[in-house]
Amino acid sequence: LPQHLASLAATAQEETWQSRQQLQAQRQEMARLQEELSRARQDGERWASALQRAQREALEREATRGAEQARQQELIRDMKKRLLELLREKDALWQKTEGIDTPVPSPVPRDPGLCARCHKDFRLLSRRYSCRWAVREWGLALGQCREGLALTSCSLSRLCQGKVCHSCSMDMGKHGRCCLICYQQRHLQAT
């Protein structure tokens with residue numbers, strides 16, 4: 001019995017010693033894992049701060065890039081305006097050196113579908129007449145302009161406004177028809 005008790009006590013001591021060894025190994029493993037956990041937390045905090053810094057820098061770069069783009073677009077707009085101004089100045093100087101006056105507006109009305117005098121609408125079967133005398137006078141006036149003689153407001157006011165209807169035109173015999181205004185001015189000049 002005492003041997004049996006001694007063997008039991010030795011076995012218990014052996015188990016106790018093994019338990020203590022396992023407990024110590026587990027404590028060492030736990031300490032190592034806690035150390036790794038604290039390092040992982042520090043790394044996580046460091047990466048989080050680096051990510052926040054990178055996001056802040058990206059936002060700052062984006063804001064700077066947007067401001068630079070706006071400034072460049074404004075510069076392009078200003079350059080285009082200045083280019084147009086310079087082109088207008090160049091054209092004005094070229095016209096001045098070449099002796100070209102500003103173009104004279106055409107006396108032909110904007111809406112060719114209306115009588116120039118009574119504003120009657122030309123229908124499909126309506127007769128419309130171009131004033132032959134005004135066409136001849138306009139050609140003479142353009143010839144004078146090419147020869148260096150200026151068109152005066154008086155010579156332009158003599159010209160009719162283009163196409164007229166049958167009731168607003170007068171027969172000039174072999175010369176065709178002309179508008180009433182040109183017909184009256186022609187007869188006033190003849191007298």
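All residue numbers refer to positions in the sequence shown, counting from 1.
Residue Leu87 belongs to a hydrophobic cluster whose other members are Leu83, with links defined by side-chain heavy atoms closer than 4.5 Å. In the hydrophobic clustering, where aliphatic and aromatic side chains (Ile, Leu, Val, Met, Phe, Trp, Tyr) are joined below 4.5 Å either directly or transitively, Met79 groups with Leu75.
The side chain to side chain donor-acceptor pair (under 3.5 Å) analysis of residues 83-92, with sequence neighbours excluded, yields the pairs Arg82-Glu85. Evaluation of the side chain to side chain donor-acceptor pair (under 3.5 Å) test over residues 69-81, restricted to residues two or more places apart or in two chains, returns Glu68-Arg71, Glu68-Gln72.
Annotation: side chain to side chain contact (heavy atoms under 4.5 Å, CB included) contacts of Glu57 (sequence neighbours excluded): Arg53, Arg61. In this view, Arg39 satisfies the side-chain hydrogen bond (donor to acceptor under 3.5 Å, both in side chains) rule with no residue, not counting sequence neighbours. In this structure, the side chain to side chain contact (heavy atoms under 4.5 Å, CB included) partners of Glu29, at least two apart in sequence or on a different chain, are Arg32, Leu33.
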Full working for side-chain contact (heavy atoms from CB on, under 4.5 Å) between Arg56 and Glu60: CA-CA 6 Å; Arg56 193 171 43 248; Glu60 290 172 359; 3.9 Å; yes
Please tabulate, for the side chains in residues 12-21, all donor-acceptor contacts under 3.5 angstrom to protein atoms that are two or more places apart in sequence or on a different chain.
{"from": "Thr16", "atom 1": "OG1", "to": "Ala12", "atom 2": "O", "distance (Å)": "2.6"}
{"from": "Ser19", "atom 1": "OG", "to": "Glu15", "atom 2": "O", "distance (Å)": "2.8"}

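Taken to the nearest 0.5 Å, the CG atom of Leu59 stands 7.5 Å off from the CD atom of Gln55.
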